[in-house]
Number of protein chains: 2
Amino acid sequence: MTKGIFNLSIPVPAIDIVIFTIYKDKFCILLTKKSDDPFKWKFVLPGGILMSGYSLEENFDRILLEKTGIKWVYKEQLYTFWDPDRDTRWHAISIIYYALVRNESFLQDIDLTKVHIIEYDSLNFKDVGFDHEKIIKYAKQRLDWKLEYTNISKNILPDYFTLSNLQKVYEIILGKTIDKRNFRKKILSTKILKDTWTQDKSSNRPARLYEFIDKDLKIMDIL
Amino acid sequence: MTKGIFNLSIPVPAIDIVIFTIYKDKFCILLTKKSDDPFKWKFVLPGGILMSGYSLEENFDRILLEKTGIKWVYKEQLYTFWDPDRDTRWHAISIIYYALVRNESFLQDIDLTKVHIIEYDSLNFKDVGFDHEKIIKYAKQRLDWKLEYTNISKNILPDYFTLSNLQKVYEIILGKTIDKRNFRKKILSTKILKDTWTQDKSSNRPARLYEFIDKDLKIMDIL
DNA sequence: GCAAAAGTGTTTGGTCTACACCCATGA
DNA sequence: TCATGGGTGTAGACCAAACACTTTTGC
């Protein structure tokens, strides 16, 4: 296909999705494997072409379902790319989303013949096609920031959870250990959590169960 | 034009630009006035349709020039909208940028028959068409954040400037007064400035002239 | 009673805020 | 000599990081 200045090639609008999750206590990303050229056998982000007449939301949900089998995830828009040379097949305009989801909510639905759960730390970016490496890294950076300043972690936790559960999420995603006392003080001071006055008895000593106060994304108050 | 589910309407990709500046010591935004329906005589963001075969950058520069006469501004991508009902004429996919620019660098070029310099604080959003109110407010929010955590203010200052010049930019954009001593301490501690060892003699007592160390956007180190 | 995870305070250093006066120059 | 904006320091409040032991339960 020619892509000269005065040709009539119409840009193809698409969505690509960076889906993060925690699986077996590892921070992971969901990728698909291309079966055709270009980038045959490379990992790429799940994605697809937008259908006119539907909103971005509707297109997102449809593409997510088609490419992964997953019905719903929490998501945020990341960036939009448009570059005549980005995709070698056509002139693509690509809207990138990143998403965070607990594996319990998608393992029933996911089609593992289509999508692979890849441990983030052992992902070799040499195996990733297109320009998806920089997209994935940018999404991770945004996620780290959101973890620190918002209640985004609610999307990867069950409705009721202990402070230890929560701390573990932070440690796995940020890739570092965190002091337990300081973590508790900081999280409780932000007032994003509510004590449910119930207990989790699955560990040895029972632990308090908390829930998030806000249903939607909330930037933490810096007191 | 119909926009049913199975029709063949092709989405039209477009750019809209939120351009911020300081003019006569006021924080301002550049808007155009629509001369046709819908939203006739309303203020709207300068914008235009993307041409295939060019990069986003190239399209941006062309649309900026066509709609305002301005040759170059510092810009960042903000968000992408796609909604069948957003524009009543066609199904638009709109990529939003916001830009920050010093008026000295565009007043020669700007075509004031096309674009209006509007003082932000006296802008009545009732006069703004489409959904551009929420876009403008979101862009302002992002700009405030960048002012605090990056060297983005370099784009609205000359190459050499005094700390008072810089402080004034912060005060005008953020809309509040700032303590002089604390401001100086904070800015100098971030190490984004370099003393040029020259002086500005235009005021009564000569003032030190500084310049930014980094040419590109830099997130300030939190020491 | 012991293993395992829950829960809890204090000290210290650093950062942020509020605040007022002297200095260098031009007119 | 006076008007104008440039330049400077300190004390108190608040926040962040480092750090170790006791409690509750199941087995």
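Since we're looking at a predicted model, the values are computed, not measured. Order of the sequence lines sets the chain letters (A, B, ...), proteins ahead of strands, with each chain counted from 1.
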Do the side-chain N or O atoms of S203(A) get closer than 4.0 angstrom to the phosphate oxygens (OP1, OP2) of dA4(C)? no
Between the base of dT17(C) and the side chain of K180(B), is one N or O donor paired with an acceptor at under 3.5 angstrom? no
Taken to the nearest whole Å, CD1/I187(B) to P/dT17(C) is 13 Å
Row check, Y120(B) ring normal vs K140(B) NZ/CZ: under 6.0 Å, within 45°: yes
Pick the closest DNA chain D nucleotide for K186(A) and for P206(B) by heavy atoms, then say which residue is nearer the 5' end. P206(B)
Integer-rounded Å distance: dG7(D) C1' and L209(B) CG: 14 Å
Side-chain-base donor-acceptor pair under 3.5 Å for R205(A) and dT23(D): yes
Is a donor-acceptor pair below 3.5 Å formed from side chain K185(B) to base dT10(D), judging by atom type as modelled? yes
Whether K33(A) engages the ring of F43(A) as a cation-pi pair (distance to the six-membered ring centre under 6.0 angstrom, angle to the ring normal within 45°) should be assessed. yes
Can you check whether any acceptor in the base of dC27(D) is under 3.5 Å from a donor in the side chain of N204(A), or vice versa? no
Between atom CG in D179(B) and atom P in dC21(C), what is the gap in whole Å? 15 Å
Provide, to the nearest angstrom, the distance between the CG atom belonging to L166(A) and the P atom belonging to dA5(C). 18 Å
Under 4.0 Å between any heavy atoms, over every strand shown, what does R208(A) touch: base, sugar-phosphate, or nothing? Just pick one. sugar-phosphate
Ring center gap for F161(B) and Y210(B) short of 6.0 angstrom: no
K201(A) NZ to dC27(D) P, straight-line distance once rounded to whole Å: 13 Å
K75(B) to F60(B), cation-pi by 6.0 Å centre distance and 45° axis angle: yes
Take atom CZ of F183(A) and atom C1' of dC19(D), then tell me their distance rounded to the nearest Å. 18 Å
Which nucleotide sits closest to the side chain of R181(A): dA6(C), dC19(D), dG6(D)? dC19(D)
Given atom CG of D200(B) and atom P of dG5(D), what is their separation to the nearest angstrom? 12 Å
Looking at dA6(C), dG6(D), dC19(D), which one has an atom nearest to any side-chain atom of R184(A)? dA6(C)
Quick one: is the NZ or CZ of K42(B) closer than 6.0 Å to the six-membered ring centre of F130(B), and within 45° of its axis? no
Less than 4.0 angstrom between a side-chain N/O of S164(B) and OP1 or OP2 of dG6(D), yes or no? yes
Write down the distance between CG (N165(B)) and C1' (dG6(D)), rounded to a whole number of angstrom. 12 Å
